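Below is one structure, written out as C-alpha cells; comments come after it.
Note that the structure is predicted; figures quoted are calculated from it, not measured. Whatever order the structure lists ligands and atoms in, that order sets their numbers, starting from 1.
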Amino acid sequence: MKITYFGHSCFGVEINGKHLLFDPFITPNELAKDIHCDSIKADYILISHGHEDHIADAVSIAKRTGAKVIACYEIHTWLQKQGIENTHPMNTGGKWIFDFGKVKCVSAQHSSSLPDGSYGGNPMGFVIESNSGNFYYAGDTALTYDMRLIGEYRKLDFAFLPIGDNFTMGVDNAIIACDFIQCRDIIGMHYDTFGYIKVDHDDARKKFERAGLKLNLMKIGESVEK
Ligand code: NI
Ligand code: MN
C-alpha cells in the first residue's frame with residue numbers, strides 16, 4: 001500500500017491499483033497550499049463525517065474523478081443533492097466488499113453536521129481489509145472502550161489516529177487507543193491545522209516511543225509504503 005498525506009486528516013491510500021482518498025480537506029487548508037487538489041487521484045472517496053474539515057473538497061474531486069463516495073446514509077443523500085450520483089451509503093456496524101477490499105464502518109464518538117447545517121448522521125471510522133494488509137482510519141473521535149472491538153475484530157498493520165486534542169482525542173488518549181486496537185504502528189492526523197490543535201511533534205513522538213509505539217507524523221505531500 002502506498003500512503004500519501006494531503007494535510008489534516010486527508011490521506012490517499014493506493015491498494016491493489018485502486019486509489020482511496022479519505023476526508024478531503026485541501027483547498028481551505030493553509031498548510032496544504034503546495035498540494036494541487038486537481039491532480040489528486042481517486043477511485044473511492046471515504047468520508048468519516050460531515051464537518052467542513054473532512055468534506056470541503058469531496059464534491060469537486062468526486063465530480064472530476066467520478067470516484068465512488070463511501071459515507072453514511074445522510075451524507076450520501078446530501079451528496080446526491082450536490083449532483084454526485086456515484087455514492088455508496090453505509091452506516092455504523094456495516095461492511096461491504098469493494099474491488100480493493102472490505103470496508104467495515106465502526107463507531108466514532110464525535111458529532112456530524114454538513115457545511116450547510118444539514119444533519120450529517122453518525123460520525124464513523126473505517127476498518128479496511130485487503131490482501132495487501134489491514135488498517136483502521138479513526139476519523140474524528142474520542143477514546144472509547146468500543147475500540148477494543150476493533151482490536152478483537154482484525155489484526156491491524158497500522159492505524160490513522162487523531163492526536164490534536166480539543167476536538168478529538170489527544171496524544172495521551174491515542175496511546176491508550178493503541179492498546180485497545182492492538183496496533184503499534186500509528187500515523188497521526190487532525191493536528192496543527194488550527195490553533196486549537198497544535199501539537200509538539202518531538203514530545204508526541206517521545207511519548208509514543210516510551211509506550212513502545214511508533215508515531216509517524218508525515219510531511220504534507222509525503223508518501224510512504226506499507
Ligand atoms: Ni469533526
Ligand atoms: Mn475535524
Worksheet item: Just by distance, do the side chain of Asp23 and the backbone of Ser48 share a donor-acceptor pair under 3.5 Å?
Response: yes
Worksheet item: So does Asp99 pair up with Lys18, basic N to acidic O under 4.0 Å?
Response: yes
Discussion item. List the residues meeting salt bridge (charged side-chain N to carboxylate O under 4.0 Å, His left out) with Glu30, not counting sequence neighbours, and say none if there are none.
Written reply: Lys33
Discussion item. I need the NE2(His49)-the Ni ion (ligand 1)-NE2(His110) angle, rounded to 10 degrees.
Written reply: 100°
Worksheet entry | Centroid-centroid under 6.0 Å between Tyr196 and Phe194 rings | no
Discussion item. Take a 6.0 Å sphere around CD of Glu225 and say whether it holds more than 12 heavy atoms from other residues, nucleotides or ligands.
Written reply: yes
Worksheet entry | the Ni ion (ligand 1) to nearest N/O/S of Asp53 below 2.8 Å | no
Discussion item. Only N/O/S atoms count here: what is the atom of His51 closest to the Ni ion (ligand 1) called?
Written reply: ND1
Practice prompt. Inspect the surroundings of NZ in Lys2 and state if more than 12 heavy atoms from other residues, nucleotides or ligands are less than 6.0 Å away.
Written response: no
Item to complete: Answer with yes or no whether the hydrophobic clustering places Phe25 together with Leu21; edges join I, L, V, M, F, W, Y residues whose side-chain heavy atoms lie under 4.5 Å apart.
Response: no
Discussion item. Using modelled atom types and a 3.5 Å cut-off, is there a donor and acceptor pairing between side-chain atoms of Lys95 and backbone atoms of Val103?
Written reply: no
Worksheet, complete the sentence: Near the Mn ion (ligand 2) (protein N/O/S, cut-off 2.8 Å, waters excluded) we have Asp53 OD2, His54 NE2, Asp140 OD2, His190 NE2
Worksheet, complete the sentence: The atom of Asp140 among N, O or S that is nearest the Ni ion (ligand 1) is OD2
